J.: 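Below is a structure I'd like to ask you about.
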Amino acid sequence: SNEELATQLSEINLEKFAHFAHEYEQLGEASVFTKNVDTVLITKLQEAKSFSPGPEKVISYLFVRNLERKNIRIARACVTNNFSQERISQLIRPGY
C-alpha cells in the first residue's frame, strides 16, 4: 500500500520521497518526482567525483552525459509544445 511504501522510504533515509507514495498519480507529480530523483543522483555523483579515483568517475561521467541528453529531450519537447518558461524551468534537471 502507499502507507507501507512511504514508511519504507522513510526507513531507508529517503523521507523526501515518501510523500510521492500518496501524490504520484496526481497531475504533474511524476515530473516533480523524477526531477527530485535526478537532483539526488547529481548530488551523489558530485560527491563521488570529489573523492573517487577509480571507475566511479567513469560511471559518474556516463550518468552526467545521460542527464544532459535528458535535458535536451525535455527542452526540445517544451519548445515543440510551446511550454511557458515557468513550466520549462520546472522540468529541466540541474546541471553537473
Side-chain angles (χ1 to χ4, degrees):
S1 76
N2 290 345
E3 277 302 318
E4 291 173 1
L5 178 59
T7 303
Q8 290 174 352
L9 287 170
S10 295
E11 289 173 355
I12 60 172
N13 202 23
L14 292 174
E15 55 274 344
K16 71 184 331 184
F17 298 114
H19 75 279
F20 286 109
H22 304 289
E23 302 172 3
Y24 187 82
E25 295 174 354
Q26 294 176 6
L27 183 63
E29 288 300 313
S31 63
V32 173
F33 173 76
T34 58
K35 184 173 182 178
N36 286 341
V37 169
D38 287 342
T39 301
V40 169
L41 179 62
I42 283 292
T43 302
K44 295 296 181 187
L45 292 175
Q46 288 172 338
E47 290 171 6
K49 176 185 169 188
S50 64
F51 70 86
S52 297
E56 292 87 356
K57 284 191 175 188
V58 175
I59 293 169
S60 174
Y61 173 78
L62 295 173
F63 273 110
V64 169
R65 290 293 305 245
N66 189 34
L67 189 61
E68 289 173 351
R69 284 189 203 104
K70 185 185 290 187
N71 272 338
I72 291 169
R73 286 193 308 268
I74 289 169
R76 288 179 60 197
C78 289
V79 168
T80 301
N81 294 307
N82 297 321
F83 282 19
S84 68
Q85 279 296 115
E86 180 182 322
R87 183 67 178 141
I88 293 170
S89 64
Q90 290 173 349
L91 295 173
I92 295 292
R93 294 344 187 215
Y96 187 67

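The structure displayed is predicted, hence computed values, not measured ones.
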J.: Give the cluster check for Leu41 versus Val64: same hydrophobic cluster or not, with ILVMFWY residues linked at side-chain heavy-atom distances below 4.5 Å.
T.: yes
J.: Rounded to the nearest 0.5 Å, what separation is found between the CG atom of Asp38 and the CZ atom of Phe33?
T.: 10.0 Å
J.: Closest heavy-atom contact between Ala75 and Ile92?
T.: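 Taking Ala75 first and Ile92 second, the nearest heavy atoms are N-CD1, 4.2 Å.
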J.: CG/Asn82 to CD1/Ile88 distance, rounded to the nearest 0.5 angstrom?
T.: 9.0 Å
J.: How many angstroms lie between OG1 in Thr34 and CD1 in Ile74, if you round to the nearest 0.5 Å?
T.: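 One gets 7.0 Å once the value is rounded to the nearest 0.5 Å.
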J.: Rounded to the nearest 0.5 Å, what's the gap from CZ on Arg65 to CZ on Arg69? Could you check?
T.: 5.5 Å
J.: What pair of heavy atoms forms the shortest contact from Lys70 to Arg93, and how long is it?
T.: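 So the minimum-distance heavy-atom pair works out to CD-NE, 4.0 Å.
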J.: Is the number of heavy atoms from other residues, nucleotides or ligands within 6.0 Å of CZ (Phe83) greater than 12?
T.: yes
